[in-house]
Amino acid sequence: MLAKSIMVKGIVQGVGFRPFVYQLAANLSLKGTVKNSSFGVSIHLEGSPVNIDCFLQELNLHPPQLSHIEEILIQPAEIQDYDSFNILKSTFTNEALTLLSPDIAMCPECLEDIRNIKDTRRSHYAFTNCTNCGPRFSIIKALPYDRPFTTMEDFKMCPACKTEYENPLDRRFHAQPTCCTNCGPELTLLDHKGIPLVISDPVLETRQLLKAGYIVAVKGIGGFHLICDASSSKAISTLRHRKKRPTKPLALMLKDRGTVLQYCCLSDEEEKVLLGPKKPILLLKKKNKKLPYTIAFDNPNLGVMLPYTPLHHMLFDDSLVALVATSANHSGMPMLYENHEALEQLATIADYYLLHNRTIHIPVDDSVVKVVLEEERVIRPARGYAPYTFHVDSDQVLALGSEFKNTFCISKQNYCFMSQYIGDIDTVETLRHLTHIINHLKTLYNIVPQAIAYDHHPHFWHKDYVEAYTGKKIGVYHHHAHIVSCLAENHIEDTVIGIAFDGVGYGSDGRLWGSEFLICNKKEFQRVGHLNYFKMPGGDRATVWPWRMAISLLYESFGEALDTVLPSYVTSNETAPLLSMLKNNIRSPLCCSMGRLFDGVAALLGFSSSISYEAEACIYLENLASSSPATEALYLYNLTETDGIWVIDYTVLIRDIVKDLQSGTLTCIISRKFHNTLCVFTLDLCQHLRQSFKLNKVALSGGVFQNELLFTRLHHLLISNDFDVITHKLVPCNDSGLSLGQLVIASELIKE
Ligand code: ZN
Ligand code: ZN
Ligand code: FE
C-alpha cells in the first residue's frame with residue numbers, strides 16, 4: 001500500500017475533472033479524496049502501487065476532453081487509511097490562479113437529451129448543458145467557478161437538478177450552469193416593438209417567422225445574432241440594407257455536416273474543426289452557387305458554423321437548413337449582449353426578438369478560423385477559444401493591444417491571459433467596452449498591473465489610459481509586436497528574420513510602416529528592409545478609396561504625366577486635386593505599407609469603388625489571382641541596399657503592370673504575376689539576410705498573410721530553400737495578435 005498526493009494544473013475546473021478522477025479511482029479500487037483548489041485539482045490517492053501507476057497513466061493519456069493539463073505534480077504522502085474515495089468541498093485562497101474555460105458548444109449527449117421526447121425535463125429545452133458543454137467564460141462573474149459566482153445564481157435548482165448536480169457519477173455533477181425546464185432560464189419571443197407574443201412555443205414560432213422572410217434577433221451564449229433564412233435573397237438584401245452592410249460576407253449557420261457538404265468543400269482537417277467542441281465560423285471553399293450570391297458575392301469562401309447551443313439546434317427543421325447568423329451590432333459599436341440594449345438598438349433592423357433571461361456577463365463574439373496548410377489558423381479569437389492561456393516569463397503586466405481588431409493580454413505568475421476579440425477601438429463606446437473587459441479580467445485574476453505596454457503611435461486611442469496610469473509604461477513598435485507574437489506562440493527564443501506585412505503601423509522614423517523585414521528577438525529589433533515609401537493622399541481617406549492609392553503609385557512611377565496611364569474609371573478632373581496634394585505634400589503621409597500597395601494595384605486592376613470593410617480590395621486582388629491559370633511569370637523589381645537597409649523599389653513593378661494592362665493582358669494573370677513577384681522578392685531578400693546575419697528562421701506575421709495565395713506560395717518557396725518558417729496558428733497574424741507581442745516585449749524590457 002502506498003499514498004500519493006497529486007496536483008493537476010491547467011484547465012481542470014468546470015470540465016468534468018473530479019467525476020473523472022472519482023470514477024477512475026473507483027475502477028482501480030483506490031481510496032482517498034479529490035477537490036478543486038486555487039491551484040488546480042488536488043488528489044490524495046491510497047492503494048496498490050500498480051493501481052496508482054495505472055491511475056497516473058490514464059490521467060496522462062485520457063483526461064476529460066475539455067481539460068487542458070499544464071502540469072501534474074506528484075509527491076509521496078502519508079497513508080490516512082481512507083475506506084472510500086470522496087469528492088471534498090473546494091478550498092480556495094486569495095492567490096487564486098485557476099484557468100478559465102471558454103464557452104463550449106453543446107455536446108452530443110445533450111443533443112440526445114433535447115431530442116428525447118420522453119425526457120420531460122430536457123426535451124426541447126433550450127438551456128440544456130452538462131459538465132462537458134455549455135456557457136463558462138461568458139457567465140462567470142468571479143472565481144472560483146461556482147454557481148453563486150455565475151449569472152446562473154438567479155435560478156434555484158429544482159430537486160431533480162440538485163440530485164444530478166450532487167451525484168459524482170452523473171454527467172451533470174457540479175455542472176455549474178445545469179438546469180431544466182422546471183428551474184432554468186426561459187425564452188420569450190417579442191415583436192418589433194418589444195411586446196411579448198402570447199404563444200406556447202417561441203421556437204416553433206421563430207422558425208415560421210424565419211421561413212416567412214423575417215429578421216429575428218436571437219440571444220445566444222455570448223451575445224446577439226441577427227438571423228434570417230439564408231435561402232431567401234430578399235431576406236438577405238433586407239438585412240444588408242438595414243444593417244448598412246452592403247458587401248461584407250455574412251456568416252452562415254448550417255443545420256448539420258450534411259448541409260455543409262451540400263454547399264462547401266470539406267477536407268479532413270476542416271471537418272475536425274467544424275465538428276469539434278469550439279464550433280467557430282470556419283471559412284470553407286464554396287462548392288457551387290446554390291445559395292444566394294449576395295451572402296458572400298465573389299468571395300470563393302463561405303463562413304460556416306454549426307449550431308452550438310440547444311436553442312440554435314432547435315431553429316432548424318427539415319425545410320429550414322441554412323440561416324444567416326451575423327453578430328448583432330451597429331457598425332463600429334460593440335456586439336450587443338443585454339436584452340434592453342438589443343431592444344433599443346436593433347429597433348430599425350430586427351422584426352422580432354427571441355430573448356432569454358440568462359444574463360450574459362461578458363460578451364464573446366463568434367470566432368473565425370481557416371484551415372491553411374492543413375492547420376487551423378485563427379483569424380478572430382473569441383467564443384470557444386478565449387481566454388487563451390500562454391506560459392510567458394511575465395508577471396503583472398497589461399498589454400493594451402491594437403486600435404483595430406483589439407485584444408489585450410494580462411499576465412500573472414508566468415501565465416499570460418489573452419482576451420477575446422474586442423473589435424475596433426474607434427468610438428467612445430468601444431473604448432468603454434474594452435475598459436470594462438480589462439477591469440473584469442483584472443478582478444477575476446486578482447491582478448494589479450505593475451507595467452503597461454502600448455503601441456508607440458502618438459495619436460493612439462489609449463493616450464488617456466496611458467497618461468492616467470502611474471506604473472511603468474512601455475511603448476512597443478507595431479511590427480516588432482507582430483513578429484514577437486508569432487515567436488511567443490511558437491515558443492521561439494532565438495533571433496529571427498521577421499517579415500511583417502500589414503496595413504499600417506507607426507514606425508521608429510515616424511512614418512507608417514507595413515512591409516517590414518526585421519532582425520529581431522523578443523526584446524529588440526533592427527529594421528533591415530522595406531518597400532520604398534509612397535504617399536497616402538488624404539491619409540485615411542486613401543484607405544477607403546483604393547483608387548487614391550493607385551494614383552499615388554502611378555505618380556511615383558510615372559511622374560506627373562499620368563493621363564495615358566490612368567484607370568479608365570477615373571477622370572483627370574478627379575485626379576487633379578490629388579496630384580496637387582501629392583506634389584505639394586498636403587495631407588499625404590508617407591507609408592511603405594504592403595496592404596496599401598495591394599489596394600493600389602487592386603484599383604489599377606478594376607476595383608473602382610470605396611471599400612466597405614477592411615481589406616476588401618486586397619481580397620479582390622487575391623480572388624482575381626486565384627482565378628488565373630497557374631503561371632510562374634514575374635514582374636521586375638529592384639532590390640538595393642544602403643547602410644544595411646534593403647529597399648524594394650515597386651515602381652518598376654507598377655510600370656510593368658501598366659504595360660500589361662495596355663497590351664490587354666487579363667487582370668487575373670496580372671494579379672497572379674503580382675503575387676508571384678512579392679513572393680520572389682521576399683525570398684530574394686531573405687537569402688541576402690541569411691547570408692549577412694547567419695539566421696535561418698523566418699517568422700511571418702501581419703494581416704496581409706491572411707491572403708492564402710501569398711502565404712502558401714511564400715511558405716513553399718522559403719521551405720524549399722531550406723528556411724525554417726514560423727507561422728501563426730492560435731494567435732491571429734492580424735492586429736488581434738499584437739497584444740501578446742506587446743506583453744512579451746514589455747516583460748523582457750522591465751527585467752533590466
Ligand atoms: Zn453536454
Ligand atoms: Zn431543474
Ligand atoms: Fe498590423
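Please read all numbers here as calculations on a predicted model, not as lab measurements.
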Are F408 and L434 close enough, and set up right, to give a side chain to side chain contact (heavy atoms under 4.5 Å, CB included), and what steps lead you there? CA-CA 9 Å; F408 65 88; L434 168 67; 3.6 Å; yes

Do the ring planes of Y454 and H462 sit parallel (below 30°), tilted (30 to 60°) or perpendicular (above 60°)? perpendicular

Please report the closest heavy-atom contact between [X] and [Y], naming both atoms and the distance.
X	Y	value
H480	N521	NE2-O, 2.9 Å
T407	I422	CA-CG1, 4.3 Å
Q742	V476	O-CG2, 4.1 Å
F137	Q420	CE2-OE1, 3.5 Å

Side chain to side chain donor-acceptor pair (under 3.5 Å) pairs touching residues 296-305, sequence neighbours excluded, are Y293-D298

Under 6.0 Å between ring centres: does that hold for [X] and [Y]?
X	Y	result
Y445	Y415	no
Y477	H456	yes
F598	F674	yes

Please check this pair: side chain of [X] against backbone of [Y], looking for a donor-acceptor N/O pair closer than 3.5 Å.
X	Y	answer
R527	I645	no
T651	E556	no
S557	I654	no
S593	W513	no
H391	C416	no
N696	D722	yes
D395	Q413	yes
N707	L709	yes
H675	S671	yes
S515	C592	yes

In terms of heavy-atom contacts, does [atom1] of [X] have more than 12 from other residues, nucleotides or ligands at under 6.0 Å?
X	atom1	answer
K472	NZ	no
E748	CD	yes
Q65	CD	no
D509	CG	yes

Do [X] and [Y] have side chains that get closer than 4.5 Å, going by heavy atoms?
X	Y	result
I499	C686	yes
V544	R541	no
V647	Y533	no
I497	F693	no
I648	L653	no
I670	L624	no

Dump the intermediate steps for side chain to side chain contact (heavy atoms under 4.5 Å, CB included) on L661 and T667, then the final yes or no. CA-CA 7 Å; L661 275 170; T667 50; 4.2 Å; yes

Considering residues at least two apart in sequence or located in another chain, which fulfil the side-chain hydrogen bond (donor to acceptor under 3.5 Å, both in side chains) criterion with N490? K729

Please output the side-chain donor-acceptor pairs of residues 375-388 that fall under 3.5 Å, not counting sequence neighbours, one pair per line with the distance.
{"from": "E376", "atom 1": "OE2", "to": "Y385", "atom 2": "OH", "distance (Å)": "2.3"}
{"from": "R377", "atom 1": "NE", "to": "V372", "atom 2": "O", "distance (Å)": "3.0"}
{"from": "R377", "atom 1": "NH1", "to": "T727", "atom 2": "OG1", "distance (Å)": "2.9"}
{"from": "R377", "atom 1": "NH1", "to": "H728", "atom 2": "O", "distance (Å)": "2.8"}
{"from": "R377", "atom 1": "NH2", "to": "V372", "atom 2": "O", "distance (Å)": "3.3"}
{"from": "R380", "atom 1": "NE", "to": "D366", "atom 2": "O", "distance (Å)": "2.9"}
{"from": "R380", "atom 1": "NH2", "to": "D366", "atom 2": "O", "distance (Å)": "3.0"}
{"from": "R383", "atom 1": "NE", "to": "Y308", "atom 2": "OH", "distance (Å)": "3.4"}
{"from": "R383", "atom 1": "NE", "to": "D366", "atom 2": "OD1", "distance (Å)": "3.1"}
{"from": "R383", "atom 1": "NH1", "to": "K278", "atom 2": "O", "distance (Å)": "3.0"}
{"from": "R383", "atom 1": "NH1", "to": "K279", "atom 2": "O", "distance (Å)": "3.2"}
{"from": "R383", "atom 1": "NH2", "to": "K279", "atom 2": "O", "distance (Å)": "2.8"}
{"from": "R383", "atom 1": "NH2", "to": "D366", "atom 2": "OD1", "distance (Å)": "2.9"}
{"from": "Y388", "atom 1": "OH", "to": "L730", "atom 2": "O", "distance (Å)": "2.5"}

Decide, yes or no, whether a salt bridge links K673 with D656 under the criterion of side-chain N to carboxylate O below 4.0 Å. no

With H68, which residues qualify under ring-ring contact (aromatic ring centres under 6.0 Å, His included), at least two apart? none

Which residues share a ring-ring contact (aromatic ring centres under 6.0 Å, His included) with Y635, sequence neighbours left out: none

Can you tell me how far the [atom1] atom of [X] sits from the [atom2] atom of [Y], to the nearest 0.5 Å?
X	Y	atom1	atom2	answer
D455	W461	CG	CH2	9.0 Å
I492	C486	CD1	SG	8.0 Å
M536	R548	CE	CZ	10.5 Å
S628	N676	OG	CG	8.0 Å

I'd like to know if the side chain of E516 pairs up with that of H482 as donor and acceptor (distance under 3.5 Å, no hydrogens or angles considered). no

Quick one: do K405 and L738 satisfy side chain to side chain contact (heavy atoms under 4.5 Å, CB included)? Show the steps, please. CA-CA 10 Å; K405 299 172 188 287; L738 274 194; over 6 Å; no

Considering only residues two or more places apart or on different chains, which pairs with a residue in residues 617-641 satisfy salt bridge (charged side-chain N to carboxylate O under 4.0 Å, His left out)? E632-R713

Q706 pairs by side-chain contact (heavy atoms from CB on, under 4.5 Å) with which of I619, D502, N734, L283? N734

Before giving the answer on side chain to side chain contact (heavy atoms under 4.5 Å, CB included), spell out for N638 and N532 the whole-Å C-alpha distance, their side-chain angles and the decisive distance to 0.1 Å. CA-CA 10 Å; N638 224 336; N532 53 351; over 6 Å; no

